[in-house]
Each structure stands twice: as structure tokens, then as C-alpha cells.
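Below is one structure, written out as C-alpha cells; the observations come after it.
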Amino acid sequence: MHDIRAIRDDPEGFAAACSRRGAVVDTAAILALDAEWRRVVTANQEAQERRNALAREIGEAKRTDKDTADLEAEATALKARMADSESDAARLQSERDGLIAVLPNLADADVPDGQDESANRLHRAWGEIPSFSYDAQEHWALGESLGTLDFTRAALLSGSRFTVLHGAMARLHRALASFMLDLHTSEHGYRETGVPHLVLERVLFGAGQLPKFGEDVFRTTTDHWLIPTSEGPLAALYADDTLDGAKLPLRLTARTSCFRSEAGAAGRDTRGMLRQHEFEKVEMVSLTAEEDSERELERMLSCAEAVLQKLELPHRVQVLCCGDMGFSAAKTYDLEVWLPGQKNYREISSCSNCRDFQARRLGMRYRAQEGRKFVHTLNGSGVAVGRALVAVLENYQQENGEVAVPEVLRPYMGGVEKLTSESVL
RNA sequence: GGAUGGGUGGCCGAGCGGUUUAAGGCACUGGUCUUGAAAACCAGCAGAGGUUAAUGCCUCUCGCGGGUUCGAAUCCCGCCCCAUCCGCCA
């Protein structure tokens with residue numbers, strides 16, 4: 001959410017910054033609503049001031065047994081006149097804020113211009129792209145021949161875009177999540193947090209998923225929303241609060257399921273478990289003072305990269321261009337892992353600095369020496385568990401179709417060092 | 001889901017139609033005193049918004065939303081949350 005004062009102070013500059021994000025903003029309409037709202041609010045406050053004075057006068061007059069009929073008549077008339085303009089004020093404010101709420105965060109200066117992923121900028125790369133003496137298989141082929149990635153039964157239970165994991169494959173998936181949480185909590189200073197998967201509308205509004213992207217999110221019959229990522233509940237954990245600035249940064253991590261309707265993704269990644277309606281993700285969220293968020297973004301990126309490095313998975317980091325960033329982000333790094341079967345890099349993590357954009361929507365502040373300020377929020381996958389499983393399968397595959405277990409995951413696998421064919425039935 | 005009792009500033013806590021512009025205490029901050037500290041004393045101490053060149057002035061906020069009234073922390077209605085008991089349940 002943008003500060004209305006930023007628009008009042010420099011409408012042209014604000015509009016230009018929006019258009020860099022590919023958003024069209026009618027600042028004249030916003031400012032017209034704002035001016036009218038301020039006019040009505042000021043008039044109302046003056047009327048209220050008079051009403052308060054009258055009530056005091058009446059109180060004093062009654063104590064001395066004076067006649068109050070005239071004063072009461074004036075107060076009654078004033079009250080009747082105010083009713084309409086009060087609802088006008090509420091309507092004007094909500095119209096104004098409605099126009100602002102759909103505007104994306106503005107991009108940092110060092111974010112490249114551009115409309116889509118072709119304008120993203122390579123930041124760095126890590127690891128050798130492996131060469132295989134045979135045609136490397138995709139994860140779904142490996143999983144199906146092992147018998148432990150089961151898309152048939154998943155479709156039976158839930159339709160398309162779901163996966164059933166059997167035996168050692170399920171354990172490897174769990175091992176990945178445990179490994180990531182252990183790494184972030186014991187080495188990166190994040191506090192593990194268990195959060196609900198069903199949240200109220202305001203949580204998704206605060207994160208920026210609503211009001212614009214409601215069709216991507218599942219909603220229950222009880223007006224709860226299924227989280228598309230734990231970024232929302234983690235970032236909103238201290239909504240409406242004023243945090244002690246000395247206790248920042250606050251670093252939180254959670255493993256949750258994530259639910260996405262994937263509206264508009266028809267035909268993309270239909271094979272395998274790359275794009276699911278339900279998947280697990282380990283998320284990192286940091287709340288920082290405003291002067292620390294840039295440094296925190298670099299740190300968070302390193303924490304996500306550490307996961308892939310310890311798993312020895314080759315990857316690269318891209319700086320997303322203005323047009324490829326999510327709604328709430330001011331700057332985003334995407335972490336892309338190499339998939340030998342796909343012969344392509346695929347996103348496995350996205351680390352963003354949202355600056356004060358989400359905190360304004362959430363009313364989340366901190367006390368600094370200079371006064372109260374909005375906290376800066378950052379979020380990053382650390383990393384997507386399902387896609388990490390895909391990456392392990394494709395990178396650790398062997399010619400006979402078996403898959404080695406990465407060294408760091410072996411303590412979590414009860415002695416299992418490779419995935420072999422399992423007969424499930 | 002049912003019953004009862006509660007929700008007042010950072011915390012405790014009074015108030016239960018009109019000198020409450022929310023008493024008092026604790027905590028916190030500054031000052032006086034002191035070699036320093038403690039104590040004591042003095043002062044300050046919520047947030048959001050409007051308005052102003054500015055000092056200021058004003059409005060709103062006693063869980064949330066309505067209502068009654070000239071006037072609501074206080075009365076009425078609805079909802080939320082907390083506690084306890086019952087029911088149900090992993």
C-alpha cells in the first residue's frame with residue numbers, strides 16, 4: 001500500500017514509477033477523491049466540535065436548572081445534517097483507497113526495466129552443469145519407474161496437479177523439509193513457526209495477494225482462504241503491532257503446505273509435480289528496520305542458496321526485472337535450479353524485499369529512536385520442497401533409474417542411500 | 001454448539017449517563033540533589049487522522065460494529081476474543 005502523501009507530494013513522479021512497473025495509475029482521480037474527502041472530513045470535524053461544545057453547555061445549564069431547549073434543538077439539527085456527510089466521507093475514503101490498493105509496489109532503482117523474464121539479469125551462478133553419458137530422464141519418468149511417484153492415484157483422489165508419494169520417496173520429501181528447517185533455525189538464525197493454513201482475508205490483503213489476485217487462491221465456505229504461501233501468515237503475525245526496534249530483525253521460518261488454483265496455467269507443466277495445486281514450501285520471512293532491509297535481502301538470498309549448495313544442486317540467481325516481479329516486491333532475486341531432465345533452469349526460490357509496502361497494509365510498525373516507523377518485510381522460499389525433490393531426482397539420477405540420496409539428507413533417511421524400485425501394491 | 005464471568009493506555013487498575021480534557025499506581029524518559037548510584041522530589045509519558053508557514057488547534061479511538069441520547073467507557077442490540085464448566089472431537 002502506498003502512502004497517500006507520496007502521491008499528493010509528487011503525482012507525476014509517482015505515476016512514472018508506477019508505469020515502470022507496468023501499472024497505469026490515474027493520479028488525478030485519486031487526488032480528486034482525496035481532496036473531496038479532506039474537505040468533507042474537515043467540515044465534519046468542525047460540526048462535531050460544535051456538537052461537543054453544545055453537549056457541554058447543556059450539561060452545565062442543566063446543573064443550574066437553566067432552559068436548554070434551544071441548545072438541544074441546535075444539536076439535534078446539527079446531528080441530522082452530519083449523517084449524510086459522514087457516509088460521504090467513508091465512501092470517498094474507501095474509493096480513494098480502493099484505487100491505491102491495486103497498485104503494485106514501486107521498484108528499487110537497481111531493478112532492471114523490462115516487461116517479462118527476458119529482461120531479467122543474471123546475478124550469479126553456482127555449480128557445474130552435469131553431463132550425463134545417457135539421456136537424462138525427467139523426474140516424473142524416474143519417479144514412475146521407481147513406483148514411488150504416483151500421479152495415477154493422485155488423479156483418482158484429487159484430479160490433476162496432485163501427487164502421491166510412496167515409501168522412500170515420501171521420506172525423502174520429508175527429509176528435504178526437515179533439512180531446510182534445521183539449516184535455517186540452527187545456522188541462519190530463523191525461528192521456526194507453525195502457522196495456520198487457513199487465514200482471514202486481511203492476511204492475504206496485507207501480503208498483497210488480495211484484492212487483485214483472488215482467483216489464484218482457494219477460498220473455503222467459511223470465508224477462510226487457503227494460504228498460497230506461508231509468507232502471508234508469517235508477515236502478518238505482528239499486524240497492528242508496534243515492535244521494539246531493538247528486537248529487529250525478526251527472522252521467521254515455517255514449513256507449510258501451499259495451495260494455488262493455478263488459474264491461467266492451463267497446459268503449463270502438466271506432467272509431473274512441478275506445478276501443483278498443493279505443495280510444500282519452507283518459507284523465510286524477515287522483519288527489519290528500514291535501513292536494514294537491503295542488506296537483509298542479500299543475506300536471505302544466501303540462506304536460500306545455502307540449501308542448494310549443501311544439496312550440491314547447480315543453480316543461478318536472477319534479478320527480476322520490473323515486469324516480472326510480484327505485486328508487493330520492490331526487488332526480487334529468483335533462485336533457479338538446474339534440471340538435467342528438462343535441460344533447463346527452473347525457479348525454486350524467490351527472495352523479495354517488500355520494504356514498507358506490506359507493513360502499511362498490515363499496520364505493522366516499530367519504535368525507532370526517531371519515532372514510529374513501518375517495518376520492512378522480506379520473504380523468500382528456503383526453498384520449495386516439491387521442486388527440491390524434483391531437482392534431487394533429476395540431478396542424482398543414475399543410468400539404471402535409481403537415485404542417490406544427497407549426503408546431507410542421509411541422516412534423515414534412516415540409512416537409505418539410494419532410492420530403488422519399490423513395488424507399492 | 002450450550003451456560004456463566006470477563007475484555008479500560010506499555011502493564012496493573014478505578015470509573016458504570018454530563019467538572020473523565022480516562023483517577024491512582026507500576027514501568028519508562030528527562031531534570032534537581034549526589035563523587036557515583038539508589039532513594040526522594042519535580043516534570044514528561046498513547047496512537048491514527050484533519051488543519052496550520054509554525055507554536056498550536058481540532059476530530060476519532062475504553063475488544064469490534066450498530067443503536068438510544070443534546071451528551072455513552074458507562075444504557076440497548078449484534079459480533080469477536082479470553083477464562084471456566086458442559087457437549088463434541090484429533
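So that the names make sense, note that chain A is the first sequence line, chain B the second, and so on, each numbered from 1.
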Heavy atoms, side chains only, cut-off 4.5 Å: are A/Leu103 and A/Phe14 in contact? yes
Could you work out the separation of B/A23 and B/C62 based on their C1' atoms and round it to a whole Å? 14 Å
Tell me whether A/Arg387 forms a cation-pi arrangement with A/Phe279, defined as NZ or CZ under 6.0 Å from the six-membered ring centre and within 45 degrees of its axis. no
Could you state the atom-to-atom distance from CD of A/Glu86 to P of B/C60 in whole Å? 10 Å
Applying a 4.0 Å non-hydrogen cut-off, can you work out what A/Ala75 is touching in the nucleic acid: base, sugar-phosphate, or nothing? sugar-phosphate
B/C42 and B/A48: how far apart are their P atoms, nearest whole angstrom? 31 Å
Student check: side-chain heavy atoms of A/Arg365 and A/Leu243 closer than 4.5 Å: no
From CD1 of A/Ile58 across to P of B/G71 the rounded distance in Å is 8 Å
Looking only at atom C1', what distance separates B/A72 and B/U61, rounded to whole Å? 14 Å
A/Asp269 pairs by side chain to side chain donor-acceptor pair (under 3.5 Å) with which of A/Gln342, A/Gln276, A/Arg346? A/Arg346
How far, in whole Å, is B/G56 from B/G63 if one measures between their C1' atoms? 33 Å
If you measure from the P atom in B/C28 to the same atom in B/A39, how many Å do you get, rounded? 9 Å
Is there a side-chain contact between A/Asn44 and A/Val41, using heavy atoms and a 4.5 Å cut-off? no
Just so I know, are the side chains of A/Phe357 and A/Thr377 near enough to count as touching, which here means a heavy-atom distance under 4.5 Å? no
Non-hydrogen side-chain atoms of A/Thr220 and A/Leu226 separated by less than 4.5 Å: yes
Nearest-Å distance, CD (A/Glu57) to C1' (B/U69)? 17 Å
With a 4.0 Å limit, can you tell me whether A/Lys79 has a side-chain N or O closer than that to the phosphate oxygens OP1/OP2 of B/G71? yes
Can you tell me how far P in B/G1 sits from the matching atom in B/U20, rounded to whole Å? 42 Å
How far does the P atom of B/C12 sit from the matching atom of B/A83, given to the nearest Å? 15 Å
Are A/His224 and A/Arg219 packed together at the side-chain level, in the sense that at least one heavy-atom pair is separated by less than 4.5 angstrom? no
Heavy-atom nearest nucleotide on RNA chain B taken for A/Gly59 and for A/Ala73; more 5' hit belongs to A/Gly59
Pull out every stem in RNA chain B, meaning runs of 3 or more consecutive Watson-Crick or G-U wobble pairs with both distances under 3.5 Å. B:1-7 with B:80-86, B:10-12 with B:24-26, B:28-32 with B:40-44, B:46-51 with B:56-61, B:63-67 with B:75-79
Any side-chain heavy-atom pair from A/Pro233 and A/Ile227 closer than 4.5 angstrom? yes
In whole angstrom, give the distance that lies between atom CE of A/Met82 and atom C1' of B/U69. 15 Å
Roughly how many Å apart are B/A40 and B/A54, using the C1' atom of each and rounding to a whole number? 39 Å
Protein-nucleotide distance (A/Asp241, atom CG; B/G47, atom C1'), rounded to Å: 13 Å
Whole Å only: how far is the CG atom of A/Leu71 from the P atom of B/U69? 18 Å
Between atom CG in A/Leu243 and atom P in B/G47, what is the gap in whole Å? 15 Å
Is the shortest side-chain heavy-atom distance between A/Lys212 and A/Phe327 below 4.5 Å? yes
What does nucleotides 48-59 of chain B look like as a protein-contact string, B for base, S for sugar-phosphate only, - for none, at under 4.0 angstrom between heavy atoms? SBSS------BB
